[in-house]
Amino acid sequence: MNSNGTEKKTLLAFLAAQRASVLAIVDGLDTQALTTAVLPSGWTPLGLIEHLGYAERHWFQEIVTGAAEPLPWPDGHAPP
């Protein structure tokens, strides 16, 4: 990364813009709309937001820093 932090500032601005875009898309949706699958995959808007959060976590904690604490599995059944 360059010494004046330009790359870091650019990355943070990009992430902020992407997050704002996603939030603008779901802004105003009620609970039913947020939890109703709208795609053939079965994903809900909240499921997509959860996926994006895990993707950020993966890239910044596991890839960039090389370590991430394991997350608890909601149903208590971690994959093998």
Side-chain angles (χ1 to χ4, degrees):
M1 195 166 300
N2 60 13
S3 61
N4 64 9
T6 303
E7 290 179 13
K8 182 177 179 179
K9 289 176 186 175
T10 300
L11 176 60
L12 291 174
F14 175 79
L15 286 172
Q18 293 299 309
R19 291 172 182 157
S21 177
V22 170
L23 292 175
I25 291 167
V26 299
D27 185 39
L29 295 180
D30 62 16
T31 302
Q32 183 175 353
L34 287 169
T35 57
T36 300
V38 294
L39 299 171
S41 66
W43 278 32
T44 65
L46 284 182
L48 175 62
I49 291 170
E50 180 181 44
H51 171 77
L52 294 172
Y54 284 129
E56 275 193 28
R57 180 182 188 277
H58 168 73
W59 280 105
F60 292 104
Q61 291 187 19
E62 295 177 33
I63 303 300
V64 174
T65 67
E69 293 294 320
L71 293 172
W73 288 85
D75 61 4
H77 296 95

*Which heavy-atom pair separates Gly42 from Ala37 by the least distance, and what is that distance?*
O-CB, 3.4 Å
_CG on Leu29 to CG on Leu34, rounded to 0.5 Å_ = 5.0 Å
*ILVMFWY cluster membership beyond Val64 - transitive side-chain contacts under 4.5 angstrom*: Leu11, Leu15, Trp59, Phe60, Ile63
*Are side-chain heavy atoms of Ile49 and Val26 found at a separation under 4.5 Å?*
yes
*Which pairs pass ring pair (Phe, Tyr, Trp, His ring centres under 6.0 Å) with one or both residues in residues 22-53, sequence neighbours excluded?*
Trp43-His51
*Mind checking side chain to side chain contact (heavy atoms under 4.5 Å, CB included) for Val38 and listing every partner two or more places apart, or none if nothing turns up?*
none
*With sequence neighbours excluded, residues passing side chain to side chain donor-acceptor pair (under 3.5 Å) with His58*: Glu62
_Residues which pass side chain to side chain donor-acceptor pair (under 3.5 Å) with Glu50, listed by chain and number, not counting sequence neighbours_ = none
*Transitive ILVMFWY cluster of Leu12, excluding itself - 4.5 Å side-chain cut-off*: none
*With sequence neighbours excluded, give me every ring pair (Phe, Tyr, Trp, His ring centres under 6.0 Å) pair touching residues 7-35.*
none
*Could you name each residue pair satisfying salt bridge (Lys or Arg N to Asp or Glu O under 4.0 Å) that touches residues 17-38, not counting sequence neighbours?*
Arg19-Glu56
*Any sub-3.5 Å donor-acceptor pair from Thr36's side-chain atoms to Gln32's backbone N or O?*
yes
*Apply side chain to side chain contact (heavy atoms under 4.5 Å, CB included) to Gln61 and list each qualifying residue two or more places apart in sequence or on a separate chain.*
Arg57, Thr65, Ala68
